[in-house]
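Take a look at the structure below.
Since we're looking at a predicted model, the values are computed, not measured. Protein chains get the first letters and strands the later ones, always in sequence-line order, with residue 1 at the start of each.
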2 protein chains.
Amino acid sequence: MAIPRAARTQRRTRIQEEKEEIILEAALDVFSVSGFRGSTIDQIAEVAGMSKPNLLYYFRTKEAMHRALIDRVLFTWLEPLRAFDSNGDPESEIRSYIRRKLEMARDFPRESRLFANEMLQGAPHVEDELRGPLKSLVDEKAQVIRAWAQAGKIAKCDPYHLIFSIWSTTQHYADFDVQVRAVLGDEHSGEGRFEDAARYLEQLFVDGLRIRQG
Amino acid sequence: MAIPRAARTQRRTRIQEEKEEIILEAALDVFSVSGFRGSTIDQIAEVAGMSKPNLLYYFRTKEAMHRALIDRVLFTWLEPLRAFDSNGDPESEIRSYIRRKLEMARDFPRESRLFANEMLQGAPHVEDELRGPLKSLVDEKAQVIRAWAQAGKIAKCDPYHLIFSIWSTTQHYADFDVQVRAVLGDEHSGEGRFEDAARYLEQLFVDGLRIRQG
DNA sequence: GGATAATTTGACCGATTGGTAAACATTACA
DNA sequence: TGTAATGTTTACCAATCGGTCAAATTATCC
């Protein structure tokens, strides 16, 4: 008789590892587009190429699948901020943080959209993680930025809103990809748009628009 | 016998105006959180305080409701960009554009989320509007910005990515509101956060972070 | 006030939803 | 190679989905 997944205590078999990977991959495809409520187990099963009861053998509910996915994404999603080095040079740290976040938007757009979907719905499944680990990490890095500002290395500015603005500008290229492509037109919506975005954003954050009064 | 709404040609009655307004208001509540697929007519009917068949008397399908809502939101959503004055002073135009967009994120977060939801799903219902009217408007304003750059009034920069960055940074406070509140903590997530954001963003766009090499 | 048009609702439909039961197939391991 | 554990599928369930219909109710206008 099959043992329900949650009750298993022994280490996972090869098949379990493989299949769970396939399922989460398919779930990412579906959840990232339609959100939790808008996605169905049948859709995920079809993308994964297996039967619905087979999915439910590995994840007992739709919510468990979403949970596993969100947990994994949430961890890797904060990798660039964790890599933000307090001892580094302010300019190069901010530049490379922007670059890394932009690369993630380019290489992992589904992960970005999954997260965005969850935020739009009011983060019903991850609010604890936001108030806990996320807030702690941001608090820590905000202190670093504040110290830089007080040392005169960068302009005085609210470090939290600085982080928000880096998040939003970079993730925009994943979450609003359709809009970006539509506005840029077919000519400029190739992969080169990430180069252009990187160049623009680095300039924006380092120099601003250097507006001169007419 | 009742005449289906779409076939009516005479002017709308008072009741029609009122009820359609109530329905769209309720639909905005629901669609903005759960997206099109994740929302149900029953949910909207409950929020609107009327029976499901009554909703369907005014809007023949769920899609028609969403359509009417998106059309209206799309128009008002571009109001600030339309108000962007080519003959104005670059600094004050950009400043007030940021301010206006931020006010919209504060005062109309549901509209922002409705739009974000549609983008995340690949804009299946509005891609034409993006490639048509939206692109035209952005093209026009991008030309203005480009002219300012060439006249040396602002730094040379990609005007499209400039517009994207204003969109993303401002709308972030509506779309990712839960995250912003979670990170800022209960103390700083009152309405004052929009003042802080406005101050930070205006500084960012005008001066950048004015990073000085150590 | 009565006729007519507009509005509202309860009952219902077939399709789809998340999830289950149990039979069947495959794998791991002695 | 046998057998017990693991993995897979078909058939199915109750609940919910978008939407229809006809009857009942209300507003409008003469």
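- When rounded to the nearest whole Å, the span between CG of B:Asn54 and P of D:dG18 equals 16 Å.
- Formation of a donor-acceptor pair under 3.5 Å by the A:Lys101 side chain with backbone atoms of A:Thr169 is not found in this model.
- Nearest nucleotide to the A:Tyr57 side chain, out of C:dA6, C:dG19, D:dG7: D:dG7.
- For A:Gln43 and C:dG19, the CD to C1' distance is 17 Å, given to the nearest whole Å.
- We find that CG of A:Leu56 is positioned 12 Å from P of C:dA21, with the value rounded to whole Å.
- Counting heavy atoms from C-beta outward, A:Phe36 and A:Met65 have side chains that stay 4.5 Å or more apart.
- Of the candidates C:dT17, C:dG10, C:dA6, C:dG10 carries the atom nearest the B:Pro53 side chain, counting heavy atoms from C-beta on.
- Note on ring orientation: taking the six-membered ring where Trp is involved, the planes of B:Trp167 and B:Phe164 are tilted (angle from 30° to 60°).
- Taking for each of A:Gly49 and A:Arg37 the nucleotide of DNA chain D with the nearest heavy atom, the 5'-most of the two is the partner of A:Gly49.
- Between the CD atom of B:Gln16 and the P atom of C:dT8 there is a distance of 10 Å, given to the nearest Å.
- Each of D:dC17, C:dT7, C:dG18 was ranked by its minimum atom distance to the side chain of B:Asp42; first place goes to D:dC17.
- Summarising the geometry, the separation between CD1 on B:Ile44 and C1' on D:dG18 is reported as 11 Å, rounded to the nearest angstrom.
- Ring geometry, A:His161 versus B:Tyr173: the interplanar angle falls from 30° to 60°, so the pair is classed tilted.
- Atom CZ of B:Phe59 and atom P of C:dT7 are 13 Å apart (whole Å).
- The side chain of B:Thr40 lies closest to D:dG18, out of D:dT8, D:dG18, D:dG7.
- Taking only distance into account, the side chain of B:Lys52 meets the base of D:dG18 through a donor-acceptor pair shorter than 3.5 Å.
- Rounded to a whole Å, the CD1 atom of B:Ile22 is 13 Å from the P atom of C:dT7.
- Tested against A:Arg72 for a salt bridge (Lys or Arg N to Asp or Glu O under 4.0 Å), the candidates A:Glu21, A:Glu25, A:Glu79 yield a single pass: A:Glu21.
- One can place CD of B:Glu17 at 15 Å from C1' of C:dA6, the figure rounded to the nearest angstrom.
- Listed candidates were D:dG7, D:dC17, C:dG19. Nearest to the side chain of A:Lys62 is C:dG19.
- At the heavy-atom level, A:Ser51 lies under 4.0 Å from base atoms of the strands shown.
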